[in-house]
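If you're wondering where the values come from, they're calculated on a predicted model, not measured in any experiment. Throughout, residue positions are numbered sequentially from 1 according to the sequence presented.
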Amino acid sequence: QVQPVESGGGLVQAGGSLRLSCAASGRTFFGATMGWFRQAPGKEREFVAAISWNGNQIYYADSVKGRFTMSRDNAKNTVYLQMNSLKPEDTATYYCARSVYSNPRRDHTTYDYWGQGTQVTVSS
């Protein structure tokens, strides 16, 4: 399977935490910068975080900085998004994607392989 597969979404109360996972085949994952995006109903897809292959470069959207942490385990072909202090405005479908560039970027058009998404709902 070429497309990444996300998991870990769910319903959580404001202030709670969730950990998203994104698993990909070695063919998709190896050497790749990976990103997380989200999209709420009626809104455009929004950059959340991205991490380089070696993990030395990690970028976050201002809206999640200090609350979300992106990491990766290259041995498992998996990236993670630890989400703490969740807010109702974090409610969205979260997508994992592979970048076509080696350095992390915020532009979703620079990502090619996308997962189906996992729903995160934060209640107030």
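Here the OG-CE distance, from S71 to M34, works out to 12.5 Å after rounding to the nearest 0.5 Å. Put simply, OG1 on T69 and CD1 on I58 are 8.0 Å apart, with the number rounded to the nearest 0.5 Å. Of the inter-residue distances, the one linking Y113 atom OH with C96 atom SG reads 14.0 Å to the nearest 0.5 angstrom. Distance check: T91 OG1 to Q119 CD gives 7.5 Å after rounding to the nearest 0.5 Å. Expressed to the nearest 0.5 Å, how far OG1 of T118 lies from CD of Q116 amounts to 11.5 Å. For the atom pair SG of C22 and CZ of R98, the computed distance is 12.0 Å after rounding to the nearest 0.5 Å.
Contact check for V2 versus R27: side-chain heavy atoms found under the 4.5 Å cut-off.
Side-chain N or O atoms of R106 include one that pairs as donor or acceptor with a backbone N or O of Y60 at under 3.5 Å. Formation of a donor-acceptor pair under 3.5 Å by the T110 side chain with backbone atoms of S99 is not found in this model. In this structure a side-chain-to-backbone donor-acceptor pair under 3.5 Å is missing from Q39 to A92. A donor-acceptor pair is defined here as one N or O able to donate and one able to accept, closer than 3.5 Å; no such pair exists between the side chain of S52 and the backbone of T33.
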Exercise. Could you check D90 against M83 for side-chain contact (heavy atoms from CB on, under 4.5 Å), going step by step and ending with a plain yes or no?
Key: CA-CA 9 Å; D90 294 318; M83 305 187 295; over 6 Å; no

Practice problem: Evaluate the criterion side-chain contact (heavy atoms from CB on, under 4.5 Å) for residue pair E6 and L20; output intermediate values, then yes/no. | Solution: CA-CA 7 Å; E6 305 93 339; L20 305 184; over 6 Å; no

Quiz item: Step by step, would you call H108 with E44 a side-chain contact (heavy atoms from CB on, under 4.5 Å)?
Solution: CA-CA 10 Å; H108 69 90; E44 293 187 353; over 6 Å; no

Practice problem: Determine, step by step, whether L86 and F68 satisfy the side-chain contact (heavy atoms from CB on, under 4.5 Å) criterion, reporting the C-alpha distance in whole Å, the side-chain angles of both residues, the deciding distance to 0.1 Å, and the verdict. | Solution: CA-CA 9 Å; L86 282 161; F68 291 10; 3.8 Å; yes

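Residues S21 and T78 come closest through the heavy atom pair CB-CG2, 4.3 Å. Annotation for N84 and Q82: closest pair OD1-NE2, 2.9 Å, computed over non-hydrogen atoms. Here the shortest heavy-atom pairing between S124 and P88 reads CB-CG, 3.8 Å. Residue V48 comes nearest to L81 through the heavy atom pair CG1-CD2, 4.0 Å, listed as atom of the first residue, atom of the second, then distance. Here the closest heavy-atom approach between residue R38 and residue S63 is recorded as NH2-OG, 3.5 Å.
Within the structure, ring pair (Phe, Tyr, Trp, His ring centres under 6.0 Å) pairs that include any residue of residues 29-48 comprise F30-W53, F37-F47, F37-Y111, F37-W114 (at least two apart or interchain). Under the salt bridge (charged side-chain N to carboxylate O under 4.0 Å, His left out) criterion, no residue pair touches residues 70-85, with sequence neighbours excluded.
Hydrophobic clustering (ILVMFWY, side-chain heavy atoms < 4.5 Å, transitive): V79 and Y95 are in distinct clusters.
Counting non-hydrogen atoms of other residues, nucleotides and ligands closer than 6.0 Å to CD of E89 gives a total above 12.
Here Y94 pairs with nothing under the ring pair (Phe, Tyr, Trp, His ring centres under 6.0 Å) rule; sequence neighbours left out.
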